[in-house]
Amino acid sequence: MIKIFKGTPPKRKFILMKRYDGVSFQQKYSIKIIEDFFQKFPEEKQGRKNFKNKEIQNVKLLIYEKIIKKAGKIKADCIGNIKEKTFPKYITITVSYFKKHG
């Protein structure tokens, strides 16, 4: 089971995998299709708020799936130092991978 820490994990339990420190995952997103749909059918927008935030959340989930798959591939025990940055066209998530101490 891979443990996930937003900040740095406890140093007495985990050691940083230097080769996998500060790995960035980036993915583009677009809400153009959704905006075009709501322009064509404005009555559908009623009661549907924050569709842009939901699209951003969906893209972040896809990125986190890639992060966890990579952790399994490199046999990391922990993911830490997670930093998320959202830009108008893409999202970047930077993480570091850790091994168990000892």
Side-chain angles (χ1 to χ4, degrees):
M1 174 112 176
I2 299 171
K3 296 193 182 229
I4 300 174
F5 291 91
K6 184 82 172 171
T8 305
K11 290 185 179 181
R12 66 180 183 272
K13 289 186 179 180
F14 299 102
I15 292 178
L16 176 67
M17 297 173 72
K18 292 181 182 178
R19 186 174 183 186
Y20 299 104
D21 182 24
V23 179
S24 290
F25 294 85
Q26 188 176 47
Q27 186 160 336
K28 288 184 179 181
Y29 71 94
S30 175
I31 58 169
K32 185 179 180 337
I33 296 170
I34 298 169
E35 288 175 342
D36 291 345
F37 174 78
F38 286 136
Q39 283 180 353
K40 204 172 205 181
F41 303 102
E43 67 276 3
E44 292 293 326
K45 193 171 184 177
Q46 188 175 16
R48 296 192 178 152
K49 297 178 183 175
N50 299 326
F51 61 89
K52 181 179 178 181
N53 292 335
K54 288 179 182 177
E55 181 64 24
I56 290 171
Q57 185 179 12
N58 289 339
V59 172
K60 283 183 182 180
L61 288 172
L62 292 172
I63 295 171
Y64 277 112
E65 183 180 357
K66 290 178 187 177
I67 290 169
I68 292 171
K69 281 183 181 179
K70 175 126 179 141
K73 189 184 261 187
I74 64 172
K75 298 179 182 170
D77 297 313
C78 177
I79 300 170
N81 297 336
I82 300 171
K83 294 179 183 95
E84 298 178 354
K85 292 183 183 177
T86 304
F87 299 100
K89 299 280 185 187
Y90 60 93
I91 296 171
T92 302
I93 299 177
T94 305
V95 299
S96 296
Y97 294 97
F98 295 84
K99 279 268 194 205
K100 280 190 177 175
H101 201 293

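Being a predicted model, the structure only gives us computed values, none of them experimental.
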K.L.:
Per the side chain to side chain donor-acceptor pair (under 3.5 Å) rule, what does the pair list look like for residues 9-25, sequence neighbours excluded?
P.N.:
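Qualifying pairs, neighbours excluded: Asp21-Ser96, Ser24-Thr94.
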K.L.:
If you measure from CD on Gln27 to OG1 on Thr92, what distance do you get to the nearest 0.5 Å?
P.N.:
10.5 Å
K.L.:
Hey, could you give me the CD1/NZ distance between Ile68 and Lys66, rounded to the nearest 0.5 Å?
P.N.:
13.0 Å
K.L.:
First locate atom CD1 of Ile31, then atom NZ of Lys89, and finally report the distance between them rounded to the nearest 0.5 Å.
P.N.:
9.0 Å
K.L.:
Can you list every ring-ring contact (aromatic ring centres under 6.0 Å, His included) pair that touches residues 76-96, not counting sequence neighbours?
P.N.:
Phe87-Tyr90
K.L.:
Show the numbers, then the answer: is there a side chain to side chain contact (heavy atoms under 4.5 Å, CB included) between Phe5 and Ile79?
P.N.:
CA-CA 6 Å; Phe5 291 91; Ile79 300 170; over 6 Å; no
K.L.:
Testing the basics here: between Leu16 and Tyr97, what is the closest heavy-atom pair and its distance to 0.1 Å?
P.N.:
CD1-O, 3.7 Å
K.L.:
Going from CD1 on Ile63 to CD1 on Ile91, what distance comes out if it is rounded to the nearest 0.5 angstrom?
P.N.:
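Taking CD1 in Ile63 and CD1 in Ile91, the distance rounds to 5.0 Å.
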K.L.:
Is the distance between the ring centroids of Phe51 and Phe38 under 6.0 Å?
P.N.:
yes
K.L.:
Compare every heavy atom of Ala76 with every heavy atom of Met17, then report the nearest pair and how far apart it is.
P.N.:
SD-CB, 3.8 Å
K.L.:
To the nearest 0.5 Å, how far apart are NZ in Lys52 and OH in Tyr29?
P.N.:
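Rounded to the nearest 0.5 Å, the NZ-OH separation comes to 5.0 Å.
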K.L.:
To the nearest 0.5 Å, tell me how far Gln26 CD sits from Lys85 NZ.
P.N.:
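If I round to the nearest 0.5 Å, the distance is 10.5 Å.
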K.L.:
Please determine whether a side-chain nitrogen of the Lys or Arg among Lys32 and Asp36 lies less than 4.0 Å from a carboxylate oxygen of the Asp or Glu.
P.N.:
yes
K.L.:
Closest approach of Lys99 and Ile74, non-hydrogen atoms and distance?
P.N.:
NZ-O, 4.2 Å
K.L.:
May I ask you to check whether over 12 heavy atoms, not counting those of Leu61, lie within 6.0 Å of atom CG?
P.N.:
yes
K.L.:
Please assess Val23 against Ile67 for the test side chain to side chain contact (heavy atoms under 4.5 Å, CB included), listing each intermediate value before the final yes or no.
P.N.:
CA-CA 9 Å; Val23 179; Ile67 290 169; over 6 Å; no
K.L.:
Do Phe25 and Val59 belong to the same hydrophobic cluster, where Ile, Leu, Val, Met, Phe, Trp and Tyr are linked whenever their side-chain heavy atoms lie under 4.5 Å apart, directly or via other members?
P.N.:
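Yes, Phe25 connects to Val59 through the hydrophobic network.
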K.L.:
Could you state whether Ile56 and Val95 fall into the same hydrophobic cluster, counting links through intermediate Ile, Leu, Val, Met, Phe, Trp or Tyr residues with side-chain heavy atoms under 4.5 angstrom apart?
P.N.:
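Ile56 clusters together with Val95.
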